[in-house]
Each structure stands twice: as C-alpha cells, then as structure tokens.
Chemist: 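Sharing a structure here in structure tokens format.
Every number for a ligand or one of its atoms is a count from 1 in the order of the listing.
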Amino acid sequence: MENATQPGNGTLRQVDAVVIGAGFAGLYTLHCLRDRLGLTTQVYEAGSDVGGTWYWNRYPGARCDSESVFYMFSDHLSKDILQEWNWSERYAGQAEILRYLQFVADKMDLRRGIQFNTRVDSAMFDEAANRWLVTTNDGQTVSARYLITGVGCLSKPFTPEFKGMETFAGQSCHTAEWPDEGIDFTGKRVAVVGTGATAVQIVPEIAGEVEQLYVLQRTPSHDVPGRNHPLDDAYIAEIKGRYGEVWDHTRDSFGGFPFSPGEGSATDATPDQRAQIYNAAWQKGGLGGFAFGTFGDLMVNKEANDTIVDFICEKIHETVEDPEVAEALSPRYPFFTKRPPLEHGYYETFNQDNVTLVDVKTAPVKEITPTSIITENAEYEVDIIIFATGFDAMTGALFAMDIQGRDGIKLQQKWAEGPRTYLGLATEGFPNMFMVSGPQSPSVLTNMPVSIEQHVEWISQCIQAMDEKGVDCIEPLPAAEEQWLAHHAEVSDATLIPQTDSWWVGANVPGKKRLLYPYPGGLDNYRKVCDQVAENGYDGFAQTTHEVSAVS
Ligand code: NAP
C-alpha cells in the first residue's frame, strides 16, 4: 500500500481509498479500511462534523423511526461501545443520535481520517494510472485506488418550484437545511408543505408554538404510532445482556430488525382475528412490528393490504374529531407503497383550533407572494414556510458530483434510463468504485445501520481479496449487471410498491426515471446473494491486473 504524502510540493497526494461522507457509512468504511486493512484512507465530509443525515436534519421533532437500541453499530464495530452507550428513549432524537456518532468517532479515533467542510466536486477515473482523481471544493486533488461513496440515500434536498417563491418576504427553509440558530415559531403563521415522514414529525412539535399552522397535503401518509417513551435501566441491561443474539437475528432478518415476521394471509383471518392482530401491533407502536409482524402477505396481496388500510383509516377517524378532516387524512391507497411515517401525536394535532389541513391535491399551490401562499381556491397569509418536501433520493447526491468512469462516461449518462448496478454495490465502467447503500440495494427498505454494515464489510472483504490475489482493477461484467437488473425488476414487480407514486420510485422529482430504486427482496436474501458472489471468487466481476504508468 502506498503511503500518503502531503500536498504542496507538486506531487499528487496518493491514498489507497477515498471515502465520501462521514455518516454511518463513511465512519464504518474508514474503520474497516484504515484500521482493519491498513489502507491509507481519506474521508471527505461536507458538514463540519460527523453524522450525515443526523448532522443535516435538525428540524424540531427530528427523531429516528427505528428503535434506538437497534439503530446503531453492532458488535461487529465494537462490543465495548455497545456496552458503554446508553439510549434514553425508545426512538432517539436527532441530537442524541448525533452525540452517539460523535462518541463513536472519538472512541474509534476516526476524526483524524476525515476532512470536514469539504465537498467532493468530481471523481474521474484515470485509466492509464488505474486510479481515481478526486477533486474537492477547496481545489485539492487526490489520487486514490478505490472510490467509495457513503453519501446517504436522502441527502439531496428537493424543493418544488412554485411560481413567485423567490419573492416570499418571510422566512422559508427546507427541513434538511435548518438554520444553525433555529427558527422562532412563537406567534407566527406557518405553512408546512408536505405530509411525509418529516412533516409528520415537525407538525406536532411546532403546533403548540405557532399562532396558526397550515399543513399543505397532497397525499396523506399511513402514519403508525411510535409510542415513544424513556428507556429504563432494566430494559437497557436486558438488551445489553443479549446483544450477541440480537445482532445475529437482525443480520439474518428481512428488514434488519430483530422481529419475527408475520405469517399467513390477512385474508384468511376472520375480521375479529385481524382486528386483534392489528390492534395489538398498533398499541405496541412501531413500524416494523405493524408492517411486517402482523401478516405475511401485506406487501404482495392487494386484498390483504386493503384490510390494513381500512384499519388505519378507522384509527384516523377515531382520533380526528372533524370527520371531513379525518377523511382527508385517510390514505386510501396500498399501505407501504410509500414510506409510512412513525407518528408522535400527528393526528391529534388536527383537533387543535390553530391547525388547518389544506388539500393541495384538489386545489394545488398556484403562486407564492411576498406574504402568502395562494392555492387554486384560497389565499393563506404566512410568516414562515417550511418545505418538508423530501429528497432527490438515492441518485441525487451521486449525480451532484461529477463522477466519470472509463472513457470519460458520466454516471448520469450511464444511468440515463435509471440506475444500472450489480448488487447495488458497483456499476460497470466505473472500476474500483463501490457504493454503500447504492440504488438497487436494500438500503432504505431496511434498518439502515444494519444494511450499511453488510455493505461496508462486503466491500472491505472484496478489497482485501483483490489485494491478496494481486488484482488491481475490479468492476462488474455487463452480463452480471443485466442479470441483477432483471432480478431487481422481477422482485419489484412482485410487490405492490410500484403501483403508487413515491420517492421510492423516483416519482417525486420531475423528470426522474420512474422505477423502484431500492431492492425490495429483503436484507437476508440479499446478504446470501452477496456472500455467494464472494465465495465464488467475486463472480460477475471482471478482475484484472495492470502494468500501470507511474503517476507524477
Ligand atoms: P417525502 O416523504 O418525500 O415527503 C415529501 C412531501 O412533500 C410529500 O407529502 C409530498 O407529497 C410533498 N410534496 C412534494 N412536492 C409537493 C408539491 N409540489 N406540492 C405539494 N406537496 C408536495 O419527504 P420526507 O418527509 O422528508 O421523508 C423522506 C424520507 O426520509 C422518509 O420517507 C424516510 O425514509 C426518511 N425520513 C426518516 C425519518 C426517520 O427515520 N425519523 C424522518 C424523516 C424522514 P406527495 O406525497 O403527494 O408527493
């Protein structure tokens, strides 16, 4: 392995690997490559600290939808950290998760491998040298053998273009670009645009502060109660006592959660049995248990899925006092075809006098003026507009960089008709480049840290294997990529997900290719495929060794 040399004397700095991003993915990749394999590894991070998603998303109410005790690095990173860290709530808030990642970075001595406040502008594959030339926004270029993206699936904010929005004289911001100084909502008239997982968190959080809150809804979501609560010492001790078994179960599960999957068809149960099963999961709270722990066919059988939709809509009508508002909030399309948010008092908020649900499906936003939002049938005077309008997911952050592979082909060009990957890990024409949680991998359909660990471990074992074999260039074979695409399409079409417009299928961003971006076949099945590929000597990858010209 080369040693890194510092820039300044005209020599191009050489490292073994460049990693982009210092969230869960970047931190674990740095540890695996630098501390386990001994590779010189440089991480670049646009933020001023570690955290990724949890660094950027600081809006009030930001909280994880996975239970905190399972939303962390496993015993594969460090058994000591598992024992030392104590979560305070069932679902940790943003600040606590950020503190956890800072704690991990400090304990594992990761900060010295990260250059903060630095964005990667471009990454060009230099075929003659068989290396990546990575240029950052501070004008530096570094040469790396491997390029690993850990840029997050939801890190490129998406704000729709509304006529006149630039004229708005009040304060406005996207939830993922929250100002450091915060926003004072006291006595303000506020509009929240969107009703996805982010809006569902922010709305109840600020409803008590504002004078008037308008929630602009285009599509209602299927919100499942979180039933958050403080964690007591006995529970923490009990989990810590069986973490080994918990992680084994988690790694071998469909969604990256240590829950037993639901069995049987919802249509075979009697209405009473169904009500009992759904109610038990609803009372317990939590997305995984409700979506995957009730019946086995909700994601693939429309008739079965209708039963859970009816149940959710009934619950909304029980909670929201005004029947018209309750019906407007009722999502009468298949459950889990858009990401269902976890809610903490969202529906109750609509019983407050100062909260108004605005239907922008039937009467879309026409214009934003300096003082108001005008829809097709009304004008709403506001002081603050919060855009909880989501992200250009999975490909947005990759395309934001100028990544050019063999023959100067840009990633956007190669993926013009949608992502083309092998296992969601790599793409042909971009040698020695690996993506953590890339498109066509399980990623956002699973508990992210568990999927991230699987990816990072597979990538670092692959790199180790290539070094042992003396291979200096690895990239997918076109046929293997084609096969993965066909498999991905087949598994996607077997689910109900493609039937609904959502960011999962890219429908939220105008002009984005409509297809399912994550892999819906389950983390357990996916892991087996990846393991098999590795066991077969990295089947489906071209592996070559070059005589490379010296780099000046
Ligand atoms: P999102 O789910 O994409 O929701 C965006 C919202 O904005 C939708 O309600 C969308 O309506 C609306 N919208 C977009 N363009 C609009 C327009 N022109 N007019 C009116 N409404 C418009 O984004 P998000 O809520 O930020 O969540 C994204 C993902 O981040 C989640 O699905 C989840 O995976 C993750 N997340 C996780 C957590 C957590 O774990 N705690 C919290 C927040 C977010 P349509 O539905 O009609 O498009």
Chemist: Are Phe335 and Phe290, when compared by the centres of their aromatic rings, separated by less than 6.0 Å?
Modeler: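 Yes, the ring centres sit under 6.0 Å apart.
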Chemist: Are Phe387 and ligand 1 in contact, using a heavy-atom cut-off of under 4.0 Å?
Modeler: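 Flag not set, Phe387 not near ligand 1.
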Chemist: Could an N or O of ligand 1 be found under 3.5 Å from any N or O of Thr175, whether backbone or side chain?
Modeler: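 It does not: no N or O of Thr175 is found under 3.5 Å from an N or O of ligand 1.
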Chemist: Any chance the rings of Trp87 and Tyr100 have centres within less than 6.0 Å?
Modeler: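 They qualify: ring centres under 6.0 Å apart.
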Chemist: Where the closest heavy atom to atom 19 (N) of ligand 1 is concerned, which of Phe162, Tyr91, Phe158 has it?
Modeler: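 It is Phe162 whose heavy atom sits nearest to atom 19 (N) of ligand 1.
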Chemist: Evaluating non-hydrogen atoms only, which member of Arg63, Arg218, Gln217, Met448 is closest to atom 17 (C) of ligand 1?
Modeler: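 It is Arg218 that holds the nearest heavy atom.
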Chemist: Does only the side chain of Ala197 get under 4.0 Å from ligand 1, or the backbone, or both, or neither? Count heavy atoms.
Modeler: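 Both backbone and side chain.
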Chemist: So, are Glu67 and Arg90 salt-bridged, with charged N and O less than 4.0 Å apart?
Modeler: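 Result for this pair is yes, salt bridge flagged.
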Chemist: Of Ser221, Gly194, Gly196, which has the heavy atom at the shortest distance from atom 12 (C) of ligand 1?
Modeler: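 Ranked by closest heavy atom to atom 12 (C) of ligand 1, first place is Gly194.
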Chemist: Closer than 4.0 angstrom, basic N to acidic O: yes or no for Asp223 and Lys315?
Modeler: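 No.
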Chemist: Flag Asp65 as yes when one of its N or O atoms lies below 3.5 Å from any N or O atom of ligand 1, and as no otherwise.
Modeler: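 Such a contact does occur with ligand 1.
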Chemist: Going by the atom numbers of ligand 1, which of them fall below 4.0 Å from some non-hydrogen atom of Thr195?
Modeler: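 Ligand 1 atoms under the 4.0 Å threshold to Thr195: 6 (C), 8 (C), 9 (O).
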Chemist: Could you check whether Trp503 and Phe158 have their ring centres less than 6.0 Å apart?
Modeler: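 Ring-ring flag for Phe158/Trp503: false, centres at least 6.0 Å apart.
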Chemist: With a 4.0 Å heavy-atom cut-off (strictly under), which part of Tyr59 contacts ligand 1: side chain, backbone, both or neither?
Modeler: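 The answer is the side chain.
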Chemist: Can you tell me which portion of Leu154 lies within the under-4.0 Å heavy-atom range of ligand 1? Options are side chain, backbone, both, or neither.
Modeler: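 The part of Leu154 near ligand 1 is the side chain, not the backbone.
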Chemist: Whether Asp524 and Arg251 form a salt bridge (side-chain N of Lys/Arg under 4.0 Å from carboxylate O of Asp/Glu) is what I want to check.
Modeler: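 Answer for the salt bridge query: no.
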Chemist: Does even one non-hydrogen atom of Lys338 get within less than 4.0 Å of ligand 1?
Modeler: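 Within the 4.0 Å threshold, so yes.
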Chemist: Salt bridge check, Glu89 against Arg63: does any charged N sit closer than 4.0 Å to a carboxylate O?
Modeler: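 Looking at Arg63 and Glu89, the cut-off is met.
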Chemist: What residue among Glu457, His455, His76 forms side chain to side chain donor-acceptor pair (under 3.5 Å) with Tyr28?
Modeler: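 Going through the options one by one, the only one that passes is Glu457.
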Chemist: Decide whether an N or O pair under 3.5 Å exists between Trp503 and ligand 1.
Modeler: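 Yes, at least one N or O pair falls under 3.5 Å.
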Chemist: Measuring centre to centre across the rings, with the benzene-like ring taken for any Trp, is His487 within less than 6.0 Å of Tyr519?
Modeler: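 His487 vs Tyr519: aromatic centres under 6.0 Å.
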Chemist: How does Ala388 reach ligand 1, if at all, at less than 4.0 Å between non-hydrogen atoms: by side chain, backbone, both, or neither?
Modeler: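 Within the 4.0 Å criterion, Ala388 contacts ligand 1 through backbone atoms alone.
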